[in-house]
Amino acid sequence: MPELPEVESVRRDLITRVQGNKVTWVEPLLPRMVKCGTLDDIVGVEFTSINRRGKFLFIDTSGEMTVYIHLRMSGTLVWRKGIEDNPSHIRIVIGFQNGRLLFRDPRTLGGIWINRKGEHPWKKMGLEPFDDNLTPEVLQKLLVKRSIPIKTALLDQGTIAGIGNIYASEILFDAKIDPRRPANSISNGELLKVLNSTRTILNAAIEANGTTLKDFKLSNGRGGEFANFLKVYAKKEEECYICKSKIERIVQSQRSTFFCPSCQTN
DNA sequence: AGCGGAACCTGTCGGC
DNA sequence: TGCCGACAGGTTCCGC
């Protein structure tokens with residue numbers, strides 16, 4: 001479910017809920033979602049800062065451990081301050097004196113890692129989209145041996161961190177590039193367009209608190225507003241707002257891709 | 001090394 | 001109403 005803008009929105013939201021708070025109790029209702037370490041190791045420590053890398057949230061603590069959270073497809077974090085019953089599909093509970101943070105995840109694909117400081121759970125992670133070191137030249141070097149479609153390459157977290165299925169389609173529409181083109185056929189000038197579109201779209205999506213199509217919610221239960229600004233994603237058979245052609249849906253790497261066959265011809 | 005496809009899960013929705 | 005396949009904001013693993 002959540003891509004970079006959604007995770008970033010969750011991060012900003014969490015700062016207002018749990019930054020500076022001390023964990024007083026934990027409850028791993030679905031233990032297999034604790035991917036590494038044990039929740040017991042964070043009882044008694046303070047959450048000192050809430051950070052993000054790609055689609056991972058990570059929380060620095062006053063103790064020895066860092067808490068990493070990945071929401072995968074259907075994860076959300078829910079804040080409850082009273083003693084009401086939990087909503088459905090709560091897998092992990094992190095309790096504080098003033099409330100509790102609930103990791104809700106119907107599909108149970110998400111996870112939490114309790115790692116020693118500096119030991120992150122990801123193997124390969126590209127530069128952050130807003131990193132000044134991310135240039136067309138860097139991208140070209142990453143893609144030169146890759147014959148997979150550019151859309152699929154954008155989903156690879158080793159290319160640019162944080163892009164997912166919605167924004168990959170939106171970015172390529174904005175850059176006017178055919179999602180089916182081999183990644184290593186994209187010129188430097190076009191990679192600059194991809195980069196600019198990535199930044200424009202992710203920025204706008206963060207400002208809108210992300211995209212809520214169905215499940216995505218912030219800890220207060222509210223969704224993001226960027227669905228109102230999507231140009232192609234989930235718009236099969238609708239008219240392209242620029243040229244009035246019908247938006248098409250194709251499948252690449254077992255995922256939906258949406259694009260305008262007339263605007264994205266290069 | 002790079003690629004395609006299956007696997008991991010559960011829920012929902014549309015068609016017949 | 002009920003069943004069944006398609007589909008869902010993601011990643012990892014396995015064989016070629």
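In what follows, chains carry the letters A, B, and so on, assigned in the order in which the sequence lines appear, proteins first and then strands, with residues in each chain numbered from 1.
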> How would nucleotides 11-16 of chain B be written as a contact map, 5' to 3', with B for base contact, S for sugar-phosphate-only contact and - for no contact, using protein heavy atoms under 4.0 Å?
Replying inline: SS----
Rounded distance in Å between the [atom1] positions of [N] and [M]:
{"N": "B:dC9", "M": "C:dC3", "atom1": "P", "answer": "25 Å"}
{"N": "B:dC8", "M": "C:dA8", "atom1": "C1'", "answer": "14 Å"}
{"N": "C:dT11", "M": "B:dT12", "atom1": "P", "answer": "23 Å"}
{"N": "C:dT12", "M": "B:dG11", "atom1": "P", "answer": "24 Å"}

Atom [atom1] of [X] to atom [atom2] of [N]: distance rounded to whole Å?
{"X": "A:Lys35", "N": "C:dG10", "atom1": "NZ", "atom2": "P", "result": "16 Å"}
{"X": "A:Met33", "N": "B:dT10", "atom1": "CE", "atom2": "P", "result": "12 Å"}
{"X": "A:Arg255", "N": "C:dC7", "atom1": "CZ", "atom2": "P", "result": "13 Å"}
{"X": "A:Asp156", "N": "B:dC3", "atom1": "CG", "atom2": "C1'", "result": "12 Å"}
{"X": "A:Arg72", "N": "C:dT12", "atom1": "CZ", "atom2": "C1'", "result": "7 Å"}
{"X": "A:Trp113", "N": "C:dG10", "atom1": "CH2", "atom2": "C1'", "result": "11 Å"}
{"X": "A:Lys123", "N": "C:dT12", "atom1": "NZ", "atom2": "P", "result": "4 Å"}
{"X": "A:Lys55", "N": "C:dT12", "atom1": "NZ", "atom2": "C1'", "result": "13 Å"}

>> Going by the rule salt bridge (charged side-chain N to carboxylate O under 4.0 Å, His left out), which residues pair with A:Glu248 if we only count those two or more places apart in sequence or in a different chain?
In response: none
> Who passes salt bridge (charged side-chain N to carboxylate O under 4.0 Å, His left out) against A:Asp178, sequence neighbours left out?
Replying inline: A:Arg180
>> What does the 5'-to-3' dot-bracket notation of DNA chain C look like when only Watson-Crick and G-U wobble pairs under 3.5 Å count, and pairs to other strands show as |?
In response: .|||||||.|||||||
> If only side-chain N and O atoms of A:Ser147 are considered, is one of them under 4.0 Å from the OP1 or OP2 phosphate oxygen of B:dG2?
Replying inline: no
>> Measuring to OP1 and OP2 of B:dC8, would you say a side-chain N or O of A:Arg32 lies under 4.0 angstrom away?
In response: no
>> Would you say that more than 12 heavy atoms from the other residues, nucleotides or ligands in this model lie under 6.0 Å from the CZ of A:Arg199, or not?
In response: yes
>> With a sphere of 6.0 Å drawn around CD of A:Glu207, does it hold more than 12 non-hydrogen atoms of other residues, nucleotides or ligands?
In response: no
So which nucleotide from [options] ends up closest to the side chain of [X]?
{"X": "A:Thr108", "options": "C:dT11, B:dT10, B:dC8", "result": "B:dT10"}
{"X": "A:Arg146", "options": "C:dT12, B:dG2, C:dA8", "result": "B:dG2"}
{"X": "A:His70", "options": "C:dG10, B:dC3, B:dA6", "result": "C:dG10"}

> If you find the nucleotide of DNA chain C closest to A:Thr211 and the one closest to A:Pro121, which residue's nucleotide is nearer the 5' end?
Replying inline: A:Thr211
>> Side-chain heavy atoms under 4.5 Å apart, restricted to Ile/Leu/Val/Met/Phe/Trp/Tyr: what other residues fall into the cluster of A:Tyr68, or is it alone?
In response: A:Phe56, A:Phe58, A:Trp113, A:Trp122, A:Met125
> Cluster partners of A:Val93, using ILVMFWY side-chain heavy atoms under 4.5 angstrom, listed by chain and number?
Replying inline: A:Trp25, A:Leu29, A:Val78, A:Ile90, A:Leu102
Under a plain distance cut-off of 3.5 Å, with no hydrogens placed, do [Y] and [X] share a side-chain donor-acceptor pair?
{"X": "A:Thr24", "Y": "A:Gln97", "value": "no"}
{"X": "A:Thr152", "Y": "A:Arg146", "value": "no"}
{"X": "A:Ser9", "Y": "A:Glu6", "value": "no"}

> Of A:Ile148 and A:Gln254, whose nearest nucleotide on DNA chain B comes first from the 5' end?
Replying inline: A:Ile148
>> What's A:Thr212 touching, base or sugar-phosphate or nothing? Going by heavy atoms closer than 4.0 Å.
In response: base
>> Are A:Phe47 and A:Phe96 an aromatic pair, judged by ring center distance below 6.0 Å?
In response: yes
